[in-house]
Visitor: 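Below is one structure. I have some questions about it.
As the structure is a computational prediction, the values presented were derived from the model and not from experiment. Below, all heavy atoms of this structure are taken into account, side chains as well, without hydrogens, waters or symmetry copies.
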Protein chains: 2
Amino acid sequence: MKTHSLLTSAHFPKVSDMQQSVSHFRLKAVCSNCKLRELCLPVGLSIGEMRRMDDISHLKRGYARGDYLYRSGDRFQSLYAIRSGSFKTQVLHEDGREQVTGFQMTGEIIGLDAICTDHHTCDAVAMESSEVCELPFNKLEALSRELPSLQRHLHKIMSREIVRDQGIMLLLGSMRAEERLAAFLLNLSQRLAARGLSPTQFQLRMSRQEIGSYLGLKLETVSRAFSNFQDNGLISVKARAVELLDLPGLRTLVGK
Amino acid sequence: MKTHSLLTSAHFPKVSDMQQSVSHFRLKAVCSNCKLRELCLPVGLSIGEMRRMDDISHLKRGYARGDYLYRSGDRFQSLYAIRSGSFKTQVLHEDGREQVTGFQMTGEIIGLDAICTDHHTCDAVAMESSEVCELPFNKLEALSRELPSLQRHLHKIMSREIVRDQGIMLLLGSMRAEERLAAFLLNLSQRLAARGLSPTQFQLRMSRQEIGSYLGLKLETVSRAFSNFQDNGLISVKARAVELLDLPGLRTLVGK
DNA sequence: CATGAATTTTGACATATATCAAACCGGTCA
DNA sequence: TGACCGGTTTGATATATGTCAAAATTCATG
């Protein structure tokens, strides 16, 4: 369960349809006995360095839809790189309110929130059959002391998460419902494109309810916005199958 | 301009009245020729290690209200530890919309957003006369490769920022106006208390407009919420002078 | 201390989104 | 095949917050 966990996985197999951060820090890299690979973590590392990276990681398979990768309050041990499938993260309020804070897909890293308290502060739930690479954080830190490029990369991943969150704050704080949904769809599109998939046709993995939670809206509002987009010829939507018909139009909506 | 920048500064001088993260990673530490100090960065470091930390930092004085510490798009060089005074950070949307993403006070670190792109993604603006310690990031990384406790601390600071942002997302996505304001005031109170200041009486450094931007509300809504709180005996407020009269009542409002 | 500018408060009204409810799917399981 | 069941769409209405405007207050400046 630990062979070449980070080094295998060609071109993002089984790609899911929702995504999150604008870019994702993966690079192509040639590895001794493997074909050209795309990786999520090691950037600018030599073959040997990559192998060391690989040595500390463990592949974990068999997460089914609804399975928890970790729960809020769990003791922090590792970061997780999504190797296939997709997850959502959600925070829970004392009074029962919950909010989806992100949808993560192949190649993205989750668990960063737990570093500061040694305990996870959100839940991570699989949205489909998924695999992850477990990256024990102590070992990751130790290795990054030896490999400056890994160190920098780790810092960039954390910083990127901060920037992503700022973008969501802007969205939640100052955009109207349709602008939020347009921004969501465009972000999705961009992340799909980055993975070599169709940026205009995809299958949503999450419900209207979950989208609404993420965007700070009720599910009915999300549904209505979808319908309006369709009426205006911006998209075609039927349940979770979405086609973006007018990307420039969507961009105009979010004001860029 | 670089002597003992991080090591001086006793007990948070000139404390400002707005704040941000729940805790702030400063510790008391004894240093050779200094009195007991409170520091923002070095945790669990020996005297010698602290001195090395100090050696790479530069004290920068003389930021007046409205001065920019950095602007969105500026090249990234350094993180900044606020030594006195306070700042706000804001992101700007292409179409002119802007949103305050945080109010930072003494002991807090800003600039983390810039690591991932090598350019700052938000503005940092002084809200009063302020001083900062500039921490050149390359040197900080190099030093943290040598000092595991510094490395861990840096990771925690970044993680904490991620958690903070998640909390704001929850606030913006699922709380009503008065709940948001109550959460804001309680957070303020908590951070003041952590600095040994009155958790119930303080002077706001930011306008209703800025609070509104931070909370995703219009300034009139913020003003009305303040007035309602006062009418209900939760607080006493006159312009920017605030007194929290009923902390439990405020906590009930935010649902905890 | 006086004046004007900026900020804050308050009011009346408009509107976006939430709420409640029902109908409509599309798949799953007897 | 038919009945269920979660998810989605759509409609009617309620409500929180935004908008516009004016008055009140505070703050800065000469």
Visitor: For a quick check of understanding: with a heavy-atom distance under 4.0 Å over all strands, which category does A:Ser223 fall into, base, sugar-phosphate or nothing?
Guide: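 Since a base atom lies under 4.0 Å of A:Ser223, the category is base.
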Visitor: Rounded to whole angstrom units, what separation is found between the CD1 atom of B:Ile211 and the C1' atom of C:dT8?
Guide: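 Taking CD1 of B:Ile211 and C1' of C:dT8, I get 11 Å after rounding.
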Visitor: Whole Å only: how far is the CE atom of A:Met127 from the C1' atom of D:dG7?
Guide: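 About 13 Å, once rounded to whole Å.
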Visitor: Got A:Ser189 and A:Leu247 here, is their nearest side-chain heavy-atom distance under 4.5 Å?
Guide: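 Yes - at least one pair of side-chain heavy atoms lies under 4.5 Å apart.
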Visitor: With a 4.0 Å cut-off on N to O distance, would you call A:Glu128 and A:Arg65 a salt bridge?
Guide: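 Answer for the salt bridge query: no.
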Visitor: Kindly assign one of parallel, tilted or perpendicular to the pair A:Tyr63 and A:Phe87, based on the angle between their ring planes and the thresholds 30° and 60°.
Guide: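 Because their plane-to-plane angle is over 60°, the rings of A:Tyr63 and A:Phe87 count as perpendicular.
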Visitor: With the threshold set at 4.0 Å, does a side-chain nitrogen-carboxylate oxygen contact exist between B:Arg195 and B:Glu108?
Guide: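 Yes, B:Arg195 and B:Glu108 are salt-bridged.
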Visitor: So, B:Asp67 side chain and B:Ala64 main chain: donor-acceptor pair closer than 3.5 Å or not?
Guide: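 Here the side-chain-to-backbone pair exists.
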Visitor: Starting at atom CD of B:Glu178, determine the distance to atom P of D:dT17, rounded to an integer number of angstrom.
Guide: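 The answer, rounded to whole Å, is 8 Å.
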Visitor: Take B:Gln209 and A:Arg180, find for each the nucleotide of DNA chain C with the closest heavy atom, and name the residue whose nucleotide sits nearer the 5' end.
Guide: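 Its nearest nucleotide being more 5', the pick is B:Gln209.
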Visitor: Any base atoms under 4.0 Å from B:Gly212, or only sugar-phosphate, or nothing? Heavy atoms, all strands.
Guide: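 Result for B:Gly212 = nothing.
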Visitor: Side-chain N or O of B:Thr221 versus OP1/OP2 of D:dA16: is the shortest distance under 4.0 Å?
Guide: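 So the side chain of B:Thr221 is outside the cut-off, no N or O lying under 4.0 Å from OP1 or OP2 of D:dA16.
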Visitor: Using atom CG of B:Asn228 as one end and atom C1' of C:dG11 as the other, report the distance to the nearest whole Å.
Guide: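 Distance, rounded to whole Å: 14 Å.
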Visitor: Please report, rounded to the nearest Å, how far the P atom of C:dT7 is from the CG atom of B:Leu204.
Guide: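 Between P of C:dT7 and CG of B:Leu204: 15 Å.
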Visitor: Considering residues at least two apart in sequence or located in another chain, which fulfil the side chain to side chain contact (heavy atoms under 4.5 Å, CB included) criterion with B:Ser213?
Guide: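 Here the qualifying residues are B:Gln99, B:Val100.
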Visitor: Kindly determine whether B:Arg71 and B:Asp74 satisfy side chain to side chain contact (heavy atoms under 4.5 Å, CB included), including the steps that lead there.
Guide: CA-CA 6 Å; B:Arg71 288 170 190 270; B:Asp74 283 357; 3.7 Å; yes
Visitor: Rounding to 10 degrees, work out the angle separating the end axes of the helix from C:dC1-D:dG30 to C:dA30-D:dT1 (five pairs an end).
Guide: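 Its terminal axes enclose an angle near 40°.
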Visitor: Please list each protein N or O that sits under 3.5 Å from an N or O in nucleotides 20-22 of chain C, with the distance.
Guide:
from, atom 1, to, atom 2, distance (Å)
C:dC20, N4, A:Glu220, OE2, 3.2

Visitor: Find the distance B:Phe229:CZ to C:dT9:C1' and express it as a whole number of Å.
Guide: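 Atom-to-atom, B:Phe229 to C:dT9, this comes out as 16 Å.
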Visitor: Return the set of residues passing side chain to side chain contact (heavy atoms under 4.5 Å, CB included) with A:Glu98 (not counting sequence neighbours), or none when no residue passes.
Guide: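 If we apply the side chain to side chain contact (heavy atoms under 4.5 Å, CB included) test to A:Glu98, skipping adjacent residues, the hits are A:Gln90, A:Leu92.
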Visitor: Closest to the A:Ser207 side chain: C:dT8, C:dT17, D:dT8?
Guide: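 Out of C:dT8, C:dT17, D:dT8, the nucleotide with an atom closest to A:Ser207's side chain is D:dT8.
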Visitor: Looking for any heavy atom pair under 4.0 Å, which part of the strands does A:Leu219 touch: base, sugar-phosphate only, or nothing?
Guide: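 Result for A:Leu219 = base.
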Visitor: Give the rounded distance in Å between these two atoms: CE of A:Met206 and P of D:dG6.
Guide: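 So the CE-P distance, A:Met206 to D:dG6, works out to 21 Å.
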Visitor: C:dG11 P sits how many Å from B:Asp231 CG, rounded?
Guide: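 After rounding, the reported distance stands at 10 Å.
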Visitor: On the ring face of B:Phe226, is B:Arg208 found with NZ or CZ under 6.0 Å from the centre and within 45° of the axis?
Guide: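 Checked: cation-pi criterion met.
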Visitor: Relative to each other, are the rings of A:Phe76 and A:His120 parallel, tilted or perpendicular (30° and 60° limits)?
Guide: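 A:Phe76 and A:His120: perpendicular rings.
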Visitor: Using the salt bridge (charged side-chain N to carboxylate O under 4.0 Å, His left out) rule, collect all pairs that involve residues 210-237 of chain B, keeping only residues at least two apart or in two chains.
Guide: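 Found B:Lys88-B:Glu210.
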Visitor: I'd like a table of atom pairs between the protein and nucleotides 23-30 of chain D - only N or O on both sides, under 3.5 Å - with the distance next to each one.
Guide:
from, atom 1, to, atom 2, distance (Å)
D:dT26, OP1, B:Lys238, NZ, 3.1

Visitor: From C-beta outward on B:Lys218, which listed nucleotide comes closest to its side chain: C:dA18, D:dG18, C:dT10?
Guide: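 From the listed options, D:dG18 comes nearest.
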Visitor: Considering only NZ, NE, NH1 and NH2 on the basic side and carboxylate oxygens on the acidic side, decide whether A:Glu179 and B:Arg97 come within less than 4.0 Å.
Guide: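 The answer is yes: the pair qualifies as a salt bridge.
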